[in-house]
Amino acid sequence: MSKYIIEDIKDFDLDHIFDCGQCFRWEKQPDGSYSGTAFNKVVNMQVDSGQLTIDPCTKEEYESIWRTYLDMDRDYGAIKKTLCADDPVMKKAADYGYGIRILNQDLWETIVSFIISQNNNIPRIKGCIERLCQLAGEPVADSFAIPVAEKLASMTEEDLAGVRLGYRSRYLIETAKCVCDKGLPENEEQLLDLCGVGPKVANCILLFGMNKYDSFPIDVWVRRVMHELYGIAENDKKAMTVYAREHFGDLGGFAQQYLFYYIRSITE
DNA sequence: TGCCAGGTGATCG
DNA sequence: CGATCACATGGC
């Protein structure tokens, strides 16, 4: 099994990438590397003195999967420079989460993950997704893939009881049936048609699974940032959306991730 | 114990 | 429309 090494990486930190709430299936190893499952591959990623090692990984797999997944062709330095000009809050946030990248994740996995995420906390979301994969996912190496829509559409709430999704199990089954019926959603309107997908979850799916980088998902943490650090009324979600549009523009999704990661670090 | 977590659907005015 | 409430689960 071969490894693949990318030299001279910049604006890249595995802790920031895998612990900023955008994905739930990467596990930190005792040596500081991360192992995870995506696109039906199980790999380990390790960074050492400016080198990223992916194992196992061929050149072809890097070019066809991980290069895009890790968003390697985007200039995050330029993004941070734009966002942080005249914004001391964003400067602090981006200095803290300097190595964040927005992963290009599988759309169906993103839909499943963020339906489960609602009114839930990150450690429990991870547990739910792992149990769901073990129960209904196809084996991949020594792990399991995200269950395909056809499989979930064929299951009942009782089948899923052991996953402990709570009331979200119905959402997941309904959404799986809808996707089997109509195919994957292609825009926000179609996302909002899915059961268990409202404005916040739709924005996360747009940002993490559909390359819509101007999306600005507002959850309890972002609400907190916008109130405590930008002075916007706590319950005025509309004003927060307008502020993001006017100040962050097309980079709203990147801004949101820096702020989300930062506010969580200073609130604990 | 009651509150909280990457909220949404149903209901009511 | 907008506001309110119920909804499983588990950690603190």
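Below, read A as the first sequence line, B as the second, and so on, with proteins coming before strands; counting in each chain starts at 1.
- Between C/dC7, B/dG9, C/dG10, one nucleotide has an atom nearer to the side chain of A/Arg170 than all others, and that is B/dG9.
- Residue contacts for A/Gly21: at a heavy-atom cut-off of 4.0 Å it reaches a base atom on one of the strands shown.
- Within 4.0 Å of A/Cys23, counting heavy atoms only, lies no atom of the nucleic acid at all.
- Contact annotation for A/Cys128: no contact, since no heavy-atom pair falls under 4.0 Å across all strands.
- Side-chain contact annotation: A/Asp19 with A/Tyr34, donor-acceptor N/O pair under 3.5 Å absent.
- Note on A/Ile122: only backbone sugar-phosphate atoms sit closer than 4.0 angstrom, heavy atoms only; bases stay farther off.
- Heavy atoms of A/Arg223 sit nowhere under 4.0 angstrom from any nucleic acid atom.
- Below the 3.5 angstrom threshold, one finds a donor paired with an acceptor across the side chain of A/Arg124 and the base of C/dT9.
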Legend entry - Worked check of side-chain contact (heavy atoms from CB on, under 4.5 Å) between A/Thr267 and A/Trp221: CA-CA 9 Å; A/Thr267 308; A/Trp221 295 100; 3.8 Å; yes

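- Across the P atoms, C/dC5 and B/dC3 are found 14 Å apart, a figure rounded to whole Å.
- A/Arg264 places no side-chain N or O within 3.5 Å of a backbone atom of A/Tyr261 that could act as its donor or acceptor partner.
- Heavy atoms of A/Glu157 sit nowhere under 4.0 angstrom from any nucleic acid atom.
- Within the nucleic acid shown, A/Lys238 comes within 4.0 Å of sugar-phosphate atoms alone, with no base atom in reach, counting heavy atoms only.
- Checking A/Gly196 against A/Pro217, the closest nucleotide of DNA chain B that is more toward the 5' end is the one next to A/Pro217.
- Using modelled atom types and a 3.5 Å distance limit, the side chains of A/Ser143 and A/Thr37 yield a donor-acceptor pair.
- Nucleic acid contact for A/Pro199: sugar-phosphate only, since backbone atoms but no base atoms lie under 4.0 Å from a heavy atom of the residue.
- Taking the P atom of each, C/dA6 and B/dG2 are spaced 15 Å apart, rounded to whole Å.
- Base engagement by A/Phe208 is indicated by at least one non-hydrogen atom pair under 4.0 Å involving a base atom.
- For the pair A/Cys195 and A/Ile218, nearest-nucleotide mapping onto DNA chain B gives the more 5' position to A/Ile218.
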Legend entry - Watson-Crick and G-U pairing of DNA chain C, under 3.5 Å, as dot-bracket with | and [ ]: |||||||.||||

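- Between the side chains of A/Tyr4 and A/Arg67, no donor-acceptor pair is found at a separation under 3.5 Å.
- Within the nucleic acid shown, A/Val197 comes within 4.0 Å of sugar-phosphate atoms alone, with no base atom in reach, counting heavy atoms only.
- Listed by residue number, the members of residues 171-194 of chain A with any heavy atom below 4.0 angstrom from DNA chain B are A/Tyr171, A/Leu194.
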